[in-house]
Every structure is written in C-alpha cells, then in structure tokens.
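Here is the structure we will look at.
Whatever order the structure lists them in is the order used to number ligands and atoms, beginning at 1.
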Amino acid sequence: MSCKARLLLGITGSVAVYKVCELIRLFRKEDIEIIPVMTPDSKRFISPLLIESLAQNRVYSDMFDESGGAFYHIMLSRGVNLILIAPATANTIAKIASGMADNLLTSAVLASEAPVLIAPAMNVKMFENRITQQNIDRLSGLKRFSFIMPESGELACGDVGAGRLADIQDIFDASMPYLLDNKLLSGKKVLVSAGPTREFMDPVRFLSNPSSGKMGYELARVARWLGAEVTLVTGPVSIKPPYGVRVINVVSAEEMKTAILNAKGRYDLLVMNAAVSDWRFDKRHTQKIKRNGSSLSLLFRENPDIISLASKSRKFGFIVGFAAETENLNDNAADKMKRKNIDAIVVNDISRGDIGFGQDYNEGRILFRDKTVVNIEKSGKRDMALRLFSEIAKRQKWVKT
Ligand code: CTP
C-alpha cells in the first residue's frame, strides 16, 4: 500500500527505544516518509545511525543545526500528517503539557498544528504518579493530542505494572488513520466476519477448515485505517486482532449467526469473509466418543446460511461475500451472489496453493450485482482489502471522486 504521508517520529530517552526500529520498518513498508527527531537523551540509548539507516532519512536533533538555522523546528513540522512520539518519557510528556520548547522535538510539537499521538513508556511509579496522570489528562483534553496507553507487565527495571510501551503493531495501527490521505469509510459502520468456524462432535473433536483469518483481519484493519467503526466477528484463529476494532469471538456457525444478526444497530457494510462450516454434527456428544473396534457413523445437519439471513434482515446497507471456488469461478460466484441476494462477491481460486487459505497473498475478482467485474491482481491481503473498499465506496458514492 503506498500512501504519500509524512510522519514526524519523535524518539525520547526510554529503554523501550530499541522497539522503535520495528516500528520504523512497518511505516517504511507502507512507503511512509519518516522524519526522525531524537531528543538528546534518546541518543544515549540508541545510535542515530541505526535510526537513520532504517528510516532512510537523516535524524534531526539539534535545535540550531547549521543548515536549518533558527527556524528549524518550524520547518520540520510543516506538511506533517502526524507527530508520533514513541517511546514518550514522563519528562517529555510533562514538558509538552506545560508548553515547554527546550529541544527540537518539544519545539516542533509547539510550533505545529498536526495531530500528536503519544505512546508513553516508563517505570510504573512514574506512570501512575498523579503528576504524570494529570499531564496526560491535560493533553487528552485537547483535540490535537491522543495517547496509546502502555501495557502492564514486567518492566525493564524489574518492577511489574503499567508502563511498558504499547505493542508496536498497535502503535502502527493507531497511527495509520492519520496517515492515509483517503478517509474512504469515514463515519461508516462496518462488520467483518473472519476465520473458520468449528463444529464440535464431542468435547475434543471438531469439523473445521484451514482458514487462517488473515484476509478477514486485514479487512478489519484496513476498514479501521480508512475511518470506519469496525466490529470483527471472528472464529478461532491464532493471529492478533487489529487495534481499535471491536472483537466478538465465536466458535460455531450458530454462534457466528447470532453475533452478526444480533449486533447492535445498523451497519453500512457487511463483509462476510468467514469460512463458515456448511455442516454441523446432528448431535454434540457431551462425553468423548470412545472407539470400540467398529466404524462410526455420524449424521450432519446443514448450518444456517448466515449471509442470506443477513440479507433478509435489512440490517446492512451493502453486503459482500467471498467465494472460494475450485472450478467455474465466475459462474459459481455469480450464482451464489444471486442465491444469497447480496450486492457483491469476491471470488478466488483455492485450487492454487500460492493464494487464499493461509497465504499472505490473494488474487481474484469482484463481481457486483450490476454484473460489472473488477479484477484484482495478485497482491498482499492488505492491498486487496483496500482495493475492495475503494470499489465499494466508489459505487456507494461514499466519497466524491
Ligand atoms: N456463508 C455464510 N453461511 C454459511 C456458508 C457460507 O454466510 N453457512 C457465506 C461465506 O462467508 C461467504 C459466502 O457465504 O461469504 C460464500 O461461501 P461459500 O462457502 O463459498 O458458499 P456456500 O453457500 O457454502 O457454497 P458451497 O456449496 O460452494 O460451499
């Protein structure tokens, strides 16, 4: 995904600074221009050369750099989409909260009107100190500032409690809505279903499929980046849900049906990406079935077709399904779209091993109710999600083109 965005990344003197390398890598992968601004103390923890190499940009630190002159802080913060401070020490937060401008980073914050996202990292006592909490409250009360709060756990100093820098992927996800120039889904409510369902036959055995949830999770992540309020209804998977998304965990198709149809309110969009098991066992045994030397016959029952029920419910403004096919891709998908009375269907060929189930890549085409077809070349699941939302937003006239 390529977005023409500029990020001023403020780095302060916390032990957690080593984690910023991974964060820089995530931003660069999305082609985001990074302007690294390091406080003097942060340079004692990590070499500017390392930051410079990863960010592919020089590090700024000196208030009165020869080339920039006395207006360096103003020049740097101009045209920036977001100022992200990660990790942010108690000291830097305190200085910003009281309007101080004693180094290049605090001066740039004061001299700019760009939104500021702060990821604190410090000792638990420092974080829980009323002074720090008051500084955080003070800044949170201003529209321009938001925080991604630290996690609890064991801290570098050996103490246990809140103060550990938030998860790097979460900091990245929390930043992305500011960096995408296109708020395609701004103000929209989106429900995404993802992953497989499991139909248990007894307490230890189930019927399922190899869906990893990657496509659905990327859909939820990107919808959030694009400004939507996102609910993710997910079957059991082993990946972490994206930041800022409401998650409802389910196991069986019946539970998924209830979660989707009973989700509170009306949604602009339902993206039904889950690989729902078509059958369940007629009977779920409460005790483990023992073998007895002979064969075992079990009766299956059809599961409800959730997307068809969603279409009947009139709860969703636009409904898109996914069809994993092995033959006659277009005909099978078009037939499914009609049968399920939905607005669009994304079809892909699961007979190929390099795309779809469990893979990082996908390829396919989107068939719309009006018979138009959009081909999506092999791309990362994230790019595919963006493409799908762009096409839907265009058709629904959610954005002026
Ligand atoms: N789907 C659903 N409920 C089901 C089965 C499928 O909501 N019980 C949804 C899927 O999430 C997907 C779409 O329907 O968006 C198509 O899924 P697919 O398994 O291809 O459709 P089926 O109707 O099960 O058709 P097939 O006989 O090819 O498996």
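- Nearest protein heavy-atom neighbour of atom 7 (O) of ligand 1: Ile307 N, 2.8 Å.
- The closest protein non-hydrogen atom to atom 15 (O) of ligand 1 is Met272 O, 2.7 Å.
- Using a 4.0 angstrom heavy-atom cutoff, Pro304 counts as in contact with ligand 1.
- Results of the side chain to side chain contact (heavy atoms under 4.5 Å, CB included) test with Met122 over Thr89, Leu155, Ile93 single out Ile93 as the only residue that passes.
- Shortest contact from atom 3 (N) of ligand 1 to any protein heavy atom: Ile306 N, 3.0 Å.
- Using a 4.0 Å cut-off between charged nitrogen and carboxylate oxygen, Asp343 and Arg369 count as a salt-bridge pair.
- Between Val192 and Val233, every side-chain heavy-atom pair lies at or beyond the 4.5 Å cut-off.
- Distance check, rounded to the nearest 0.5 Å: CZ of Arg382 to CE of Met215 gives 11.0 Å.
- Among the atoms of Lys336, some N or O lies under 3.5 angstrom from an N or O of ligand 1.
- Ion pairing between a basic and an acidic side chain is recognised when a charged N comes within 4.0 Å of a carboxylate O; Asp31 and Lys4 show no such pairing.
- Taking only non-hydrogen atoms, the option from Val346, Asp305, Ile319 nearest to atom 2 (C) of ligand 1 is Asp305.
- Judged by the 6.0 Å distance and 45° axis criteria, Arg280 is not positioned over the aromatic ring of Phe300.
- A cation-pi arrangement is present between Arg58 and Tyr60, with the terminal nitrogen or guanidinium carbon under 6.0 Å from the aromatic centre and inside a 45° cone about the axis.
- In terms of protein heavy-atom proximity, atom 23 (O) of ligand 1 is closest to Lys340 NZ, 2.7 Å.
- Protein heavy atom closest to atom 27 (O) of ligand 1, with residue, atom name and distance, is Asp278 OD2, 4.5 Å.
- Using a 4.0 Å threshold on non-hydrogen atoms, atom 18 (P) of ligand 1 counts as touching the protein.
- When hydrogens are left out, the protein atom nearest atom 10 (C) of ligand 1 is Ala274 O, 3.6 Å; that is the closest non-hydrogen contact.
- Between Arg301 and Asp282 there is a salt bridge, since at least one side-chain N of the basic residue sits less than 4.0 Å from a carboxylate O of the acidic one.
- The protein heavy atom nearest to atom 16 (C) of ligand 1 is Phe322 O, 3.0 Å.
- Set against the non-hydrogen atoms of Gly321, the atoms of ligand 1 under 4.0 Å away are 15 (O).
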